[in-house]
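Below you'll find the structure, written out as structure tokens, and then a few comments.
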Amino acid sequence: MSFAHKHIISTKVLSRADIDLILTTAQSFKEINQRDIKKVPTLRGKTIINLFYENSTRTRTSFELAGKRMSADTINIAAASSSVSKGETLEDTAKNIEAMDADVIVMRHPASGAPDYLAHRLSRCSVINAGDGAHEHPTQSLLDLMTIKEHKGTLEGLTVAIIGDIARSRVARSNLYALKTMGATVRLAGPSTMLPPGLEELGAEVYTDINAAIKDADVVMMLRIQLEREGGGKLLPTKREYAQFFALNPENMKLAKPDAIVMHPGPLNRGVEISSYVADGKQNVILEQVENGVAVRMALLYLLTGGSDKE
Amino acid sequence: MKTTIKNGRVIDPAQNIDAVMDVRIVSGRIEQIGKNLESGADEQVIDATGLVVTPGLVDIHVHLRDPGYEYKEDIVSGTRAAAAGGFTSVACMPNTNPCNDNKAITRYIIQKAQLEGFANVFPICSITKGQKGDSLVEMGDLKLAGCVGFSDDGLNVEDGAMLRHAMEYAHGFAMPIIAHSEDESIKNGGVMNEGALSTELGLSGNPWVSEAASVARDIMLAELTGAHLHVCHISSRRTVELVRAAKQRGVHVTCEVTPHHFTLTEQAVRGYDVNAKVGPPLRTAEDVAAMKEGLRDGTIDAIATDHAPHHIDDKNMEFSYAAYGMIGLETALPLALRLVNEGILSLQEVIALLSYKAAKALGIPRGTLAIGAAADVAILNLEHTWEATRQNIKSRSFNTPFENLSMKGKAVMTLRDGKVMHDEV
């Protein structure tokens, strides 16, 4: 089976077959990560640039490891800030990187649409979106799907509740599209100030009562609340009240199916959106998400660069 | 110097004329309109057979970027674009650098347009010094210098007392306050219309309320002060309703709509097209329908372009960072003519909205072919089909979402004071 995409910008354009292929490929790479010697020559001679305009520990490290474990040359660029203040335009930066014959640019950027913009301006490089503004974070979504599938055997027919700051969550959007494509029901929940308009049109069920969203769910995914962002005080009164009404705790977790799993893309605000008893409880799969992240990113790098096992 | 434009279909809504006639121009003024005028041997004759002869079009909302941003546009290139679009008069906004808040810049603009330009330019001065929102410009002095109205366009006058006093003071000089009305706190940094599409694209939304709430305030201040309020580039259904209701109860309010707000919806933003980034934002199909209804029932007084040229360096970037605005002078006529094809307006009504009604909204003495009027004339080929390309657009900038879209209708000749400013007959 072949992979028809040159870039990974959005989960919206991925078909069920695409996602199946990515997850199957990732599953086979996961085994490499569990070996004593975690390295294969699959992407030897390929160059991968991690171009990060926003801070990231988890995602950047995950991409870097994914490349290195397949013997690609990976370079990290922590771009100081946006093109506006930096003086060099995003297009110029990216074209310079392309001119050095990079194969893949993995980009995180605070402006929604920036990876799309880049993909339209580069002729040879593939672009992987590692999170753009409040738009999408497709690789996070794919590692989430992989983790869910490992536990549930399938994605079809599952009910997934995603709870938190939906308005500013790229994870919620990417998961909504990918989970819908795979036949799951997606519930989005949070305080009304964090539920943007039009979510139903995009295919979600919308809840302001998280108990109703959790009820009989197979998966409960909590999102980080970023109160430090500008305007935070207009969206929520206090973290205390947020924790009272919108956090996942051992009590409301009982509403989910008995075998439900608890997910979080990290970093966690313990005691705000998630109680430590749940975050560390037996239903949590949070570190498995992180582990699968490396495998999914290996799979994507492999599929995009047409990496071969021939050598 | 005598010129006769012969055998054209003359449409002058101000005089309720629509007939095949000749127009004679003597010494830059309309001398005579009638059938089969005799022309002397010394006269220039323009054959307008099969063409439409109208008053030179009037655009009451453009940005000429001069002084200060000549790399985007200047008075010469901007008025050349105007002439190519059929416009003989434009009113230019004051957000230049330095800001047009004083007599020296107002006179500079008028004189440069007269000496080097291809259309009349009527400057609009800022309401507040430097458009900073805290102190009034010298409105009386600026009126004497040739300013036709006051606007902090691009910015809302947030301070209600400031706007109230600006209206009172301008009213004393019989001058309009021209409001770019968007409540910044409700807009809250939104870069496109708020709705399912902004959610999908992950872009911050600017809801219709930011405009409607601010227009409601402005209308009531106009009601309180008796001043003439002209509302710029309305975009939302509720705004049309507010203006309609205000007119019904006798408030002195006028408004304009841009071709892009009655042609495009927010869907044009899909794909993060920076050329569809404009303030106020493109909205929904319902809003577009409301604009058309407002044009049809007379709530909207003028079609104005908000011609906002930007250099590619100000546009070619991440959507959230790109400058707001699009050019419009050369695409306005064909986009307005679509309303005739759609059966919403008659040809006469479209011409009126683009000429004398627009001029009247700001009290500009243009937009008619009445005997003795300045011989500002547009000759239109309604059947001509063309596409906007970088090569055929006269504006220095080419930020338009209408690139390569098939356009029908073109000004093939434009005369100002009887002199040919644009000629592609």
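Order of the sequence lines sets the chain letters (A, B, ...), proteins ahead of strands, with each chain counted from 1.
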Do [X] and [Y] have side-chain heavy atoms sitting under 4.5 Å apart?
| X | Y | result |
| --- | --- | --- |
| B:Thr199 | A:Arg173 | yes |
| B:Leu203 | A:His135 | no |
| A:Leu90 | B:Glu318 | yes |
| B:Glu200 | A:Lys12 | yes |
| A:Thr89 | B:Met317 | no |

Between A:Leu202 and B:Ala196, which heavy-atom pair has the shortest distance, and what is it? CD1-O, 4.3 Å
Just wondering, more than 12 heavy atoms not from [X] lying within 6.0 Å of its [atom1]?
| X | atom1 | result |
| --- | --- | --- |
| B:Lys132 | NZ | no |
| B:Asp134 | CG | yes |
| B:Ile312 | CD1 | no |

Between B:Asn316 and chain A, which part of the residue has a heavy atom less than 4.5 Å away: side chain, backbone, both or neither?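 For B:Asn316, backbone and side chain are both near chain A.
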Those residues of residues 263-282 of chain B, ordered by number, that approach chain A below 4.5 Å (heavy atom to heavy atom):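 Listed by number, the contacting residues are B:Gly271, B:Tyr272.
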Applying a heavy-atom distance below 4.5 Å, give me the residues of residues 392-406 of chain B that approach chain A, sorted by number. none
At a heavy-atom distance under 4.5 Å, which candidate from B:Gly195, B:Gly205, B:Ser198 has the highest pair count against chain A?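 Among the listed options, the one with the most contacts to chain A is B:Gly195.
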